[in-house]
Amino acid sequence: MRRLIPHPGLSVLLVIIWLLMANEPTVGGLLVGIVIGILLPIFTAPFWPGRPDVNYRAGVAYLLLVLWDIVVANFEIAWIILFRRNRDLRPAWLSIPMELDTPEAITVLAGTISLTPGTVSSDVSACGNYLLVHALDAPDPEAEIARIKARYEARLKRVFK
Amino acid sequence: MSLTAHLAIAPIVIPALAAPLALLLMRRTRHLAVSISFASCAAMLLAALVLLNASADGTIRTYALGDWPAPFGIVLVIDRLSSIMLTLAATMSMIALIHAVVTRADRKGWHFHPLFQFQMLGLNGAFLTGDLFNLFVFFEVLLIASYSLMLHGQGPARLKAGVQYVIVNIVGSSLFLIALGLLYALTGTLNMADMGLRVAALGPDDQGLLRVAALLLVSVFALKAALVPLHLWLPRTYAVTTPAIASLFAIMTKVGVYSIIRVVPQIFGDGAGAAAWAPAPYLLPAAALTAVVGFAGVFVARNLSEQAAYAVIGSTGTLLIAVAGWQPDTLAAAIYYLVHSTLAGAALFLVADVVARRRASFGDTATPGPVFSQRQLAGLLFMAAAIAATGLPPLSGFIGKLLILESVFDTPGWGWAWGVILATTLIGVIGFARTGSAIFWKETPPTDGARPVVVSKADMAAPAIAIALLAAWSIGAGPATAYGAAAANQILDAAATARAVLGEP
Amino acid sequence: MSGLGILFDVIISVLIVIGASFALIGSWGMVRLPTLMERLHGPTKATTLGLGGMLVGSMLYFMLGEGQWALHELLISLFLFITAPISANMIAKVHLHELRTQGDDAVAGPAGRPAAPSDKANWATYEAPHADSVAATSES
Amino acid sequence: MAVPLTLYTLVVLPFLAALLIAFGSDRGRALHSGLAAAGSALGLAIVLAVAGRVIGGEVLAVSAPWVPGIGLDFSLMIDPLGLMFAGLILGIGLLVVIFGHFYLASGEATGRFFASLMLFQGAMLGIVLSGNVLLLLVFWELTSLSSFLLIGFWRDKAEARQGARMALAVTGGGGLVLIAGMVLLGSIAGSFDLMTILQRGDIVQASPLYPVMLVLILIGCFTKSAQFPFHFWLPHAMAAPTPVSAYLHSATMVKAGVFLLARLWPVLAGTDLYTVIVTSVGLITMLLGAWVALFKHDLKGILAYSTISQLGLLVMLLGFSLEMAAVAAVLHILNHAAFKAALFMSAGIVDHETGTRDIRRLGGLAKVMPITAVVATIAAAAMAGLPPLGGFISKEMMLDETLQISLFGLPWLVPVVATVAATLSVAYSLRLAIHLFFGKPRDPVPHAKAHDPGIGMWASPAFLVILAVLLGLVPMALAGPLVGSVAGAVTGAPVGYLGLSLWHGVNLALGMSMAAVAIGVLLLWRHAGILRRYEAVRHLDAKEMFDRAMGLADRQVRKLIVATHTPSLQMMLFATFAVIVVLITEGALTGGGNLTGTRAGQPASAVAIIAWALLIAATIAVVLAQRQRFLVLIYISVIGLIITLAFVHFSAPDLALTQISVEVVTILLLLLALNLLPKTPPLLSSNPRRIRDVLLAIGGGLGVGGAAWAMLTRNPNDPISSFHLANSYSGGGGTNVVNVTLVDFRAFDTLGEIIVLGIAGLAIFALLDTTARGAAGARLRSWQEDMPHSPERHPLMFVMATRILLPLVLAAGIYIFLRGHNQPGGGFIAALVVAIAFLLQYLASGFDWTDARRRVGEHMLIASGVLIAMATGLGSLLFGANFLTSAFGYFQVPLVGEVELATALLFDIGVFAVVFGAVMLALAQLSQISQRAARAHAAQVEAQQQEDQR
Amino acid sequence: MISYAITFAFVCLSLALALNLWRLLKGPTAGDRIVALDTMVINAIAVIIVIGMLTVNDTYYEAALLLAMVGFVGTVAYCKFLLRGDIVE
Amino acid sequence: MTLEFLVASSIGVLVAGGIYLALRGRTFQVVLGLTLFSYAVNLFLFASGRLTLNAPPIWSKTVSDYADPLPQALVLTAIVITFGMTAFAVVLALRSFLETGSDQVDGDDAPCAPGDGPSADARREPRA
Ligand code: NA
Ligand code: NA
């Protein structure tokens with residue numbers, strides 16, 4: 001079983017994606033989706049060496065949180081773009097020290113930061129321990145770093161066991 | 001449906017299977033790939049001959065691909081002219097292939113045999129199809145294959161010339177599409193026979209657009225045929241190409257000529273209103289100029305391959321002088337001369353190679369060098385090829401030119417045509433005599449330390465075959481011209497073709 | 001039209017309007033903000049709430065309005081959510097790279113130039129990832 | 001022997017001999033000359049065998065069709081005229097072969113020599129025996145070609161090569177003019193059969209084209225027979241070995257023109273135009289040749305000009321259009337053949353024995369080589385027209401005939417000039433004999449070893465001289481019947497009185513003849529003085545003029561060709577675009593009709609206008625930023641994007657998909673290429689040129705845009721696509737009509753299309769596989785990165801994102817593939833999507849990493865893709881249907897429901913494989929050379945660093 | 001009501017596209033232009049979605065999806081080019 | 001403004017830009033010119049089916065109006081072929097640049113420089 005479905009999470013994702021794409025809830029579509037969900041991970045396994053274990057429940061919770069943050073942050077930044085004068089902006093580079101130790105986790109963290117408006121993940125340090133983030137308006141960079149670490153990194157540590 | 005009915009598709013199926021098979025085999029068992037290539041050419045020749053024989057009775061056969069009826073699907077049209085062209089193409093492929101294998105030119109780069117077969121596929125498709133867009137597609141097949149074959153062996157000269165050749169032809173293809181778009185917009189069809197009928201029914205409001213389309217389409221073919229001033233791409237391209245390939249390319253310009261012969265009477269014939277025989281007023285002067293420029297190039301060329309390239313231009317000009325008459329006998333002359341000039345052009349390129357392979361650093365340049373091996377024989381081959389290319393007796397060029405002279409007599413501008421044909425012949429004779437005497441007669445003492453190049457006589461086989469075929473074309477000129485005349489009549493009877501392709505109305 | 005129908009119409013219309021507005025705001029931000037790093041924040045709106053809003057609106061429109069099964073819009077959002085941060089990351093790297101290679105000619109913007117995170121390592125754009133670190137994925 | 005066999009054998013024999021000699025060319029001289037002699041002798045025997053019948057009035061003829069379409073038949077005929085010439089060709093040929101055998105050193109290429117000689121003999125025989133004027137032309141040009149080989153026999157000598165080329169240019173060129181004339185003649189006469197033509201003189205001479213035709217044919221004759229002003233090639237043809245000269249210039253090559261004049265007498269002769277042209281040309285030539293001959297020093301030079309003069313005489317005689325003139329001409333042909341061949345051979349002997357042909361160094365040879373002296377002196381006397389030799393008779397007849405002719409209304413003109421020419425010929429003939437054989441040796445060196453050659457060499461000239469004597473002593477007995485019948489054949493009517501005898505009584509002609517001899521002797525006596533005066537004047541040298549004209553032509557034409565054929569792409573494209581713009585303009589202006597049609601326009605929305613503005617702006621930006629290449633690519637992307645939107649807007653979802661995916665692959669390709677190309681190249685073109693190009697561009701834009709406008713504002717004309725719409729589902733089994741068209745209605749196009757792509761992949765592979773070698777390799781090894789690079793190769797986030805994207809995009813690709821038949825998509829787009837999935841891996845994780853994980857080779861994919869598509873197409877043949885006929889069906893599968901299976905899907909798999917293979921092959925190859933470049937650079941940097949450390 | 005929303009969306013997106021073009025042409029840095037192009041692609045996807053709603057037709061959905069994919073590929077390729085020159089290494 | 005005008009003028013502008021760029025002196029510009037030109041050509045060919053809004057040629061029992069599918073199929077084929085050709089031209093331009101060190105498309109001044117072509121081949125040692 002493990003050999004047949006090396007990455008059940010990915011397989012499920014593919015089945016879902018297939019059904020979404022087919023855009024029609026049919027048994028035939030589901031069957032094809034399952035075939036694809038089994039075959040593609042096997043075929044693409046060499047391209048993703050050392051896939052991490054994921055706590056899916058924590059993952060879903062994290063996802064919902066991020067979605068909510070995206071909506072909220074969007075409005076905040078819209079306000080800034082529309083009404084704040086450029087000279088009142090306080091853009092800053094944030095150098096965030098990370099405790100995450102898998103590239104997948106780092107990527108998800110960086111992605112989250114970028115997706116929530118107002119911050120853009122710009123680089124990772126050569127040693128892999130720091131994340132460079134550009135904030136559009138961060139009068140207090142340290143507080144912002146702390147917020148990100150608490151709100152996202154901590155949760156991600158649970159998602160990627 | 002019997003298997004013979006499917007023979008029409010054979011000239012396309014054979015290379016289309018041989019090419020991928022050769023591709024799969026090339027890396028492991030080279031000789032098998034070569035054998036496949038030869039077998040394919042032989043099979044193509046056989047199929048073409050059967051079609052040639054079958055077309056002799058004057059029936060126009062069609063082959064509906066996918067069983068979709070014309071004009072809705074694509075049909076192949078096998079008549080006398082297409083049979084002639086198929087046979088010629090297969091013959092040329094055999095000659096070129098022999099030379100390539102004998103001189104090991106096929107080993108000087110990747111994928112020679114697959115590309116060669118694809119090239120044949122493109123040629124055969126262009127000769128067979130009765131659909132204008134499909135003609136475009138096969139043009140592209142033969143062009144892209146020719147790009148790669150032209151670059152075969154590489155080196156700076158080929159690459160530089162290749163860039164120009166490729167880009168000019170890409171522009172040509174784009175113009176083809178514009179013409180196609182216009183014609184589809186006006187007629188709503190792509191089948192040439194159907195298009196001819198619909199063109200005749202167009203109203204007065206559309207005549208200007210129709211004429212634009214006709215002129216555009218024919219100038220695309222003129223570009224492929226290397227008609228002055230659209231010929232500039234040819235000399236360098238052909239001169240630097242691997243000779244075995246260049247010999248096959250002798251038929252490439254003829255594809256342009258073939259297309260003109262096929263398309264103009266069928267679509268832009270008498271009924272076509274403002275587009276009726278649209279290219280006619282330009283064709284004769286352009287053709288005459290082409291002949292002059294081509295043979296002027298022969299006159300001043302400094303090496304044999306360049307001379308051969310210009311000879312191809314010149315012969316195309318001569319050929320189109322005949323085509324421009326648009327009469328049964330001028331077209332008949334053109335068809336006979338077309339076959340001749342293709343073989344003659346090939347022979348020239350091959351002889352140039354025979355010389356270049358023996359003269360070491362002197363190559364095929366018209367500068368005297370030390371005596372080289374088998375000079376006598378090479379000289380004879382050259383003389384024969386030059387006689388053929390210029391149109392002197394006893395080879396078929398003479399008969400071809402006689403045919404053209406006689407047929408254009410009394411057509412408008414015949415005096416010019418005669419003058420150009422005869423004057424260019426003389427210019428060509430002088431040009432070939434000059435290079436020939438410099439290479440085969442003059443000699444310099446051998447340079448110190450340079451070992452004479454020892455080459456086996458085997459590479460003379462291909463040019464010898466070409467010349468033998470020219471002799472045969474001359475001896476058999478009676479039946480050949482009769483077949484050509486019948487083909488010309490068939491081409492000019494657009495209504496009959498339309499009936500054969502579209503069924504009785 | 002039923003009351004429910006009107007409600008759906010309102011929801012769909014609001015989603016579309018919000019989405020379009022955010023797309024415009026994002027593009028506006030891209031125009032008016034001072035330098036590249038600030039402008040880079042604009043597209044995030046277009047991608048996230050802008051396109052997201054319209055996609056959800058479209059989904060509802062087809063499912064509720066036309067009675068068609070239409071969830072595949074989600075896929076576009078999924079795809080964009082995966083790719084948008086990467087695009088932003090790469091563009092930011094381009095900016096960082098320019099800051100270094102063009103020296104004083106480069107406009108660093110109000111945030112200035114980022115300092116090296118530690119004395120052991122600089123940012124990956126400036127220093128090849130250390131061989132044994134997580135940053136060295138696919139380094140061959 | 002049956003007539004056909006006789007005639008064919010006669011013509012084929014020399015060619016056969018030539019062939020046999022050529023095959024045995026590495027054998028000895030004896031075999032070569034033996035074969036040639038045998039061939040000639042056999043031929044001569046045949047001629048003699050039929051001579052009686054022919055002279056008796058029988059015309060032997062045979063005809064076989066060759067190219068009936070143009071009236072070219074393989075017709076041969078032998079009448080008295082042909083018989084005489086055939087006899088001369090073969091008889092003198094035989095003597096020349098014998099002479100040549102001894103003349104040529106054994107080390108020489110005798111095989112080539114005799115083969116060419118026999119080839120020439122065959123061609124000459126063909127001319128005189130042709131019964132079809134087109135066939136005659138064939139042989140006519142063959143004589144030019146074979147004489148080219150003969151004159152150039154000593155090919156290492158510059159004068160031989162030049163002489164051969166000149167002869168070819170003049171006689172071959174004249175032959176071409178003759179072709180025009182003959183074709184005209186045939187067209188006027190309505191036949192190319194010689195006998196028929198000869199009977200239609202009235203029709204021909206009545207034709208308005210007669211003057212043109214006459215001039216053309218005469219040019220052909222004059223060039224061949226070295227008539228003024230085309231005479232200059234002949235002296236230079238003397239570079240040939242003497243046997244060749246003896247053959248070509250006595251009885252054969254140069255006589256061909258005379259022969260043709262005689263042959264066509266009944267059709268051409270008799271008009272005023274004919275008489276004026278032919279007579280005056282002959283007269284001038286006769287005089288000019290004789291004059292120059294008097295001052296030449298080279299024996300062969302003297303003979304050459306004497307030949308020119310004698311040919312002039314013949315031509316003049318024929319120009320008279322008088323029966324007796326014809327008789328004189330015929331007789332003189334015989335005489336000239338005999339004495340001129342003998343003289344050439346004698347000259348050859350002298351040259352052979354003394355090593356020189358310069359008459360100023362020779363003299364008094366009679367003592368050391370008496371036989372030669374006797375032979376040559378008699379021959380010279382015949383040439384001088386001294387009695388009792390044959391030359392005397394024909395000359396006197398000639399002078400007599402001149403009295404009948406009034407040229408330009410001047411009755412004295414021809415007789416006087418002819419007498420002057422005769423005088424000169426007496427002088428040069430006697431000079432030849434006397435200066436050569438009598439008096440004292442002028443230079444001892446050539447004399448030292450000189451002696452008569454063996455009989456093998458002198459037998460031939462001796463035999464000819466005997467003939468020359470006999471022609472004078474017993475003309476009627478020896479040649480009477482022949483000359484009579486030949487003259488009859490020439491004029492087309494029996495000749496009554498011949499009058500071949502030495503003594504015609506005292507008449508004006510005798511007086512003229514005697515005056516000629518007397519003054520001729522006087523001239524020779526005062527020769528030295530005249531020569532000095534002659535040489536003091538600088539004479540026009542025809543060869544020099546010819547060479548200069550050729551050189552000038554060569555330089556000018558070359559300059560022109562080089563200037564117009566510079567391999568400049570810009571020039572090629574400019575010509576192309578210019579032609580197109582001109583033709584579009586012409587078509588639109590002359591075709592008539594309206595630019596704008598009747599179809600109602602559709603209002604454009606705001607988005608459409610904005611998109612349009614974007615497209616225009618981006619296009620202009622591309623043009624303006626053309627040298628900032630990276631920027632240009634971004635602008636190009638914008639254009640692609642707008643076109644995609646346009647396709648969406650105009651109901652073309654498949655096109656939108658294709659455009660999108662092709663776009664990105666193209667951009668990747670360009671980026672890969674741009675990495676190694678200059679990023680911002682300097683400006684090249686000048687301002688005027690730019691203005692010119694802008695104007696042409698605007699013209700092209702207006703033309704094509706206008707055509708588009710005209711098209712778009714017209715209503716469709718019942719397009720065939722209504723059939724496709726109607727039959728897509730029912731006949732093709734798919735609802736996406738575009739896809740069904742691609743894989744079914746027009747699957748043949750698609751087959752071609754994937755093959756194009758497959759070839760492109762292979763071609764790119766073939767092109768790039770060699771980059772590491774040669775100049776490109778060297779350039780790559782020394783390649784300098786032209787912009788600073790970031791050290792990070794594989795950004796972390798990017799790499800991780802692509803790992804999840806790979807299966808997702810692949811799933812999308814499969815999906816797009818499967819639904820293509822019914823919804824937008826299909827094999828092509830799916831292949832590009834899948835390619836994009838892998839490309840992302842290449843972009844993020846690099847070439848090596850990705851390539852190590854991919855399994856199927858691209859070549860394999862391309863090949864099997866084509867095979868799959870072909871197999872699908874051929875599969876239908878098994879079911880008796882045509883190639884590419886599709887089949888589809890709907891099947892009930894438990895749980896799943898109705899499933900459609902279509903062979904078109906199989907075809908689409910082929911499409912997928914080829915497209916995927918080709919795209920990957922192209923990109924992989926292109927990225928690999930960048931790899932090589934980068935590696936080379938890294939190695940270089942490392943080496944530099946190590947150097948710095950040291 | 002939805003049709004008003006759609007019209008509004010078209011206007012917004014048109015303006016957005018115009019603003020993108022402005023940034024694209026203005027630059028000043030290559031990065032700015034890439035951002036502009038990337039945003040332009042996003043807005044184009046939005047236009048396609050809105051066209052789909054306007055015409056009540058989801059045939060164009062794949063075009064939107066594909067555009068999202070290749071927009072990404074294009075952006076990263078441009079960036080990689082500026083960073084490394086060689087986009088595949 | 002009509003859609004027809006927008007499309008026709010776009011085609012015209014693209015053609016003009018394409019011709020101008022194609023006449024520049026370097027391969028890269030020429031390739032760009034060809035790209036513009038081929039955009040125009042594809043649009044042109046597409047336009048031969050006229051402009052049809054909201055009627056994709058996806059057959060359905062309930063729909064009677066469709067955009068002309070044939071030009072779409074033709075353009076699809078044309079796009080693919082043009083892509084293959086462009087790819088080849090790009091690679092060839094690069095390859096030629098690497099071999100000769102020049103990306104200029106203007107020729108030299110002799111119809112055929114000595115040492116080109118087959119002569120040069122003969123000089124080279126035959127490769128295995
Ligand atoms: Na963000
Ligand atoms: Na079918």
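These numbers come from the heavy atoms of this one structure, side chains and all, not from hydrogens, waters or symmetry mates. Being a predicted model, the structure only gives us computed values, none of them experimental.
Only the side chain of L633(D) comes within less than 4.5 Å of a heavy atom in chain F; its backbone stays farther off. With a 4.5 angstrom heavy-atom cutoff, V41(F) does not touch chain D via any of its atoms. In this structure, chain D has heavy atoms under 4.5 Å from both the backbone and the side chain of L92(F). Using a 4.5 Å cut-off between heavy atoms, R746(D) touches chain F through its side chain atoms alone. If you measure heavy-atom distances from L3(F) to chain D, the contacts under 4.5 Å come from both the backbone and the side chain. Heavy-atom distances place both the backbone and the side chain of H649(D) under 4.5 Å from chain F. Using a 4.5 Å cut-off between heavy atoms, L21(F) contacts chain D through its side chain alone, with no backbone atom that close. Contact annotation for F28(F): both backbone and side-chain heavy atoms come within less than 4.5 Å of a heavy atom of chain D. Of the two parts of V919(D), only the side chain, counted from C-beta on, holds a non-hydrogen atom closer than 4.5 Å to a non-hydrogen atom of chain F. Using a 4.5 Å cut-off between heavy atoms, P719(D) touches chain F through its side chain atoms alone. Both the backbone and the side chain of L53(F) have a heavy atom closer than 4.5 Å to some heavy atom of chain D. Neither the backbone nor the side chain of S60(F) comes within contact range of chain D; no heavy atom of the residue lies under 4.5 Å from a heavy atom of that chain. Heavy-atom distances place both the backbone and the side chain of F650(D) under 4.5 Å from chain F.
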task = Mind running side chain to side chain contact (heavy atoms under 4.5 Å, CB included) on I759(D) and F88(F) for me, showing each step along the way?
result = CA-CA 10 Å; I759(D) 299 172; F88(F) 184 74; over 6 Å; no
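Each of V737(D), V738(D), N739(D), T735(D) was evaluated against I58(F); a single residue qualifies, T735(D), per the side chain to side chain contact (heavy atoms under 4.5 Å, CB included) test.
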Extract all donor-acceptor atom pairs below 3.5 Å that involve side chains of residues 696-713 of chain D and protein atoms in other chains or at least two apart in sequence.
{"from": "W709(D)", "atom 1": "NE1", "to": "T596(D)", "atom 2": "OG1", "distance (Å)": "2.9"}
{"from": "T713(D)", "atom 1": "OG1", "to": "G597(D)", "atom 2": "N", "distance (Å)": "2.8"}
{"from": "T713(D)", "atom 1": "OG1", "to": "W709(D)", "atom 2": "O", "distance (Å)": "2.9"}
{"from": "T713(D)", "atom 1": "OG1", "to": "A710(D)", "atom 2": "O", "distance (Å)": "3.2"}

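Side chain to side chain, Q602(D) and T2(F) fail the donor-acceptor criterion of an N or O pair below 3.5 Å.
Counting heavy-atom pairs closer than 4.5 Å to chain F, the top residue among T741(D), T576(D), T750(D), I639(D) is I639(D). Ranked by heavy-atom pairs under 4.5 Å with chain F, the first of I642(D), D654(D), L677(D), V648(D) is L677(D). With chain F as the partner, the residue from A760(D), A604(D), P603(D), A673(D) showing the most heavy-atom pairs under 4.5 Å is A604(D). Listed options D749(D), I636(D), V756(D) were ranked by heavy-atom pairs under 4.5 angstrom with chain F; first place goes to I636(D). Residue with the most contacts toward chain D among L14(F), L36(F), V7(F): L14(F) (heavy-atom pairs, distance under 4.5 Å).
Looking at residues two or more places apart in sequence or on another chain, you find a salt bridge (Lys or Arg N to Asp or Glu O under 4.0 Å) between E99(F) and R95(F).
Residue-environment remark: CG (N715(D)) exceeds the threshold of 12 foreign heavy atoms within 6.0 Å.
Cation-pi check for R26(F) over F97(F) is not met; the charged atom does not lie both under 6.0 angstrom from the ring centroid and within 45 degrees of its normal.
With respect to R24(F) and D103(F), no salt bridge is recorded, no charged nitrogen being found less than 4.0 Å from a carboxylate O.
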